[in-house]
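Accompanying notes for the structure given below.
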Amino acid sequence: MDTVIMLASVAAAAIRISTPYLLCALAGLYSERSGIVDIGLEGKMLVGAFAAAVTAATYGSAWLGLIAAIIVSIGFALLHGIASIRYRGNQIVSGVAINILALGSTAFIGNAWYGEGGRTPSLSGAARFQPIELPGAEAIKGVPVIGELYADVLSGHSILVYFAFICVPVTAWVLYKTRFGLRLRAVGENPQAVDTAGISVAWLRYRAVLICGLLTGIAGAYLSTADSAAFVSNMTGGRGYMGLAALIFAKWRPWPALGACLLFGLLDAISIRMGSGFVVAGMLVPSELISALPFILTVLMLAGFVGAATPPKAAGIPYLKER
């Protein structure tokens with residue numbers, strides 16, 4: 001029974017941990033499928049987390065915090081979009097600038113306002129997204145396996161967790177079953193052909209950038225108002241890069257991205273559970289090695305050992321309209 005409880009606890013933790021990875025991976029999926037490389041996922045998620053925590057602390061509403069996070073994150077996404085689309089700048093440099101600006105501004109403003117090293121006031125009550133118990137979870141909790149899976153693993157998460165996982169089939173439907181999705185994939189592969197068909201390449205890419213800002217804002221709000229109870233300096237801790245790694249590992253596809261994010265979340269949950277490490281054949285294996293596995297797997301894929309990860313052909317290439 002103790003083993004079952006431990007496994008359920010690790011699985012539930014993996015779902016919670018994988019949520020920001022998943023939202024960032026899907027955000028990057030929209031952006032990079034349109035041809036805009038975005039390594040600024042980390043920065044947009046960070047400013048979203050800060051805006052959500054400040055707003056929620058001020059007005060006592062997690063929902064207002066979520067709205068603020070989305071607005072601020074979209075603003076930073078538009079900065080990247082304008083630099084990449086309007087002025088055809090280097091998309092990698094723009095993404096790095098977004099990350100640096102987000103890290104510096106949140107730490108500076110947070111410390112100036114609250115004087116606690118960038119930490120915002122603690123959130124409680126309506127200022128946080130509370131866990132939701134799914135219908136019938138308590139009633140079937142005693143049923144072996146199924147009841148425990150439903151009550152202890154699937155139930156008890158915040159609404160933002162369920163939203164993130166619902167986004168996966170929605171994204172798959174949008175990309176492969178709608179006109180917008182077809183055009184989005186086309187503009188990432190051959191923008192000249194899209195332009196020749198009379199469709200605005202710039203407007204398609206701007207819409208993808210806006211969706212990216214929306215999802216990273218929600219990811220940031222999740223970190224500070226659902227997973228935690230305040231904002232602390234650099235609280236994203238590389239989660240945006242993890243989402244990008246999951247996207248590459250999934251070869252820019254939504255369902256494999258879900259699998260990659262769950263795998264990364266599971267590895268993180270296991271490393272947390274292990275504490276200082278575990279012993280194999282008389283040797284201590286540090287938990288940090290488990291945490292590093294997602295990046296190791298991504299490097300192996302990029303090196304060609306797991307299979308080629310080929311991005312959209314026009315990704316990172318500014319489009320100049322032919323006259």
Side-chain angles (χ1 to χ4, degrees), residues 10-34 36 38 41-42 44-45 48 66 69-70 73-74 77 129 131-132 134 149-150 153-185 188 207-223 226-227 236 239-269 294 297-298 301 306-307 309-312 315:
V10 170
I15 290 175
R16 291 192 296 271
I17 293 171
S18 66
T19 295
Y21 301 161
L22 180 58
L23 287 168
C24 281
L26 295 177
L29 177 63
Y30 281 101
S31 181
E32 300 205 1
R33 279 287 193 170
S34 74
I36 302 298
D38 194 352
L41 300 172
E42 177 87 359
K44 290 192 284 290
M45 181 166 54
L66 176 62
I70 291 172
S73 184
I74 285 178
F129 286 102
I132 298 173
L134 296 180
L149 175 65
Y150 184 71
V153 179
L154 300 181
S155 182
H157 302 288
S158 75
I159 191 171
L160 299 184
V161 173
Y162 299 114
F163 173 82
F165 282 83
I166 289 172
C167 281
V168 177
V170 171
T171 297
W173 175 77
V174 168
L175 283 181
Y176 301 114
K177 301 295 183 180
T178 68
R179 180 180 299 178
F180 170 73
L182 173 63
R183 292 175 174 178
L184 189 72
R185 288 183 288 122
R207 280 188 281 176
V209 165
L210 290 174
I211 295 172
C212 179
L214 168 71
L215 294 175
T216 48
I218 296 173
Y222 170 78
L223 287 178
D227 190 50
T236 49
R239 288 177 175 86
Y241 300 114
M242 291 285 285
L244 186 60
L247 178 63
I248 296 171
F249 191 73
K251 301 181 181 179
W252 293 268
R253 295 173 295 171
W255 286 109
L258 170 61
C261 290
L262 285 173
L263 173 62
F264 293 0
L266 179 62
L267 292 173
D268 273 357
L297 292 173
T298 304
M301 169 168 280
V306 186
T310 305

Note to self: Quick test of your reading: applying side chain to side chain donor-acceptor pair (under 3.5 Å), list the pairs with at least one residue in residues 15-27, sequence neighbours left out, ordered by first then second residue.
What the structure shows: Tyr21-Asp268
Checklist line | Shortest non-hydrogen contact between Leu26 and Ala164, atoms and distance | finding: CD1-O, 4.2 Å
Check: Which distance, rounded to the nearest 0.5 Å, do you find between the CH2 of Trp255 and the OG1 of Thr171?
Finding: 9.5 Å
Check: If you take all heavy atoms of Thr216 and Ala27, which pair is closest and at what distance?
Finding: CG2-CB, 3.8 Å
Margin query: Please check: side-chain N/O of Glu32 versus main-chain N/O of Pro311, any donor-acceptor pairing under 3.5 Å?
Written below: no
Check: Is there a donor-acceptor pair under 3.5 Å between the side chain of Arg253 and the backbone N or O of Ala250?
Finding: yes
Check: With sequence neighbours left out, what residues match Tyr176 under side chain to side chain donor-acceptor pair (under 3.5 Å)?
Finding: Arg33
Margin query: Would you compute the distance between atom CG of Leu267 and atom CG of Leu262 and round it to the nearest 0.5 angstrom?
Written below: 11.0 Å
Next item on the list: Output the distance between atom CD1 (Ile218) and atom SG (Cys24), rounded to the nearest 0.5 Å.
Entry: 11.0 Å
Margin query: How long is the straight-line distance from CD1 of Ile132 back to OG of Ser155, given to the nearest 0.5 Å?
Written below: 9.0 Å
Notebook entry, point to check: Minimum heavy-atom separation for Ile74 to Gly213, with atom names?
Noted result: CG1-C, 3.8 Å
Item checked: Rounded distance [0.5 Å steps], OH in Tyr30 versus CG in Leu210 -> 13.0 Å
Checklist line | Heavy-atom pair with the smallest gap, counting every atom of Pro254 and Leu175 | finding: CD-CD1, 4.3 Å
Next item on the list: Mark yes or no for whether Ser73, through its side chain, and Gly217, through its backbone, hold a donor-acceptor pair below 3.5 Å.
Entry: yes
Check: Got a sec: does the CG of Leu266 have more than 12 other heavy atoms crowding it under 6.0 Å?
Finding: yes
Notebook entry, point to check: Measuring from Asp38:CG to Leu244:CG, what's the distance to the nearest 0.5 Å?
Noted result: 8.0 Å
Item checked: side-chain contact (heavy atoms from CB on, under 4.5 Å) evaluation trace for Leu223 with Met45 -> CA-CA 9 Å; Leu223 287 178; Met45 181 166 54; 3.9 Å; yes
Item checked: From CA spacing to verdict: side-chain contact (heavy atoms from CB on, under 4.5 Å), Thr178, Leu182 -> CA-CA 6 Å; Thr178 68; Leu182 173 63; over 6 Å; no
Notebook entry, point to check: Taking it one step at a time, do Tyr241 and Thr236 satisfy side-chain hydrogen bond (donor to acceptor under 3.5 Å, both in side chains)?
Noted result: CA-CA 10 Å; Tyr241 300 114; Thr236 49; over 6 Å; no
Check: What pair of heavy atoms forms the shortest contact from Gly28 to Leu41, and how long is it?
Finding: N-CD2, 4.0 Å
Note to self: I want to check something: taking the side chain as every heavy atom from C-beta on, are Phe264 and Ile17 in contact at a cut-off of under 4.5 Å?
What the structure shows: no
Margin query: Would you say that His157 contacts Ile15 through its side chain, given a criterion of any heavy-atom pair below 4.5 Å between the two side chains?
Written below: yes
Check: Can you name the side-chain contact (heavy atoms from CB on, under 4.5 Å) partners of Ser158, sequence neighbours left out?
Finding: Phe129, Leu160, Val161, Tyr222, Ala226
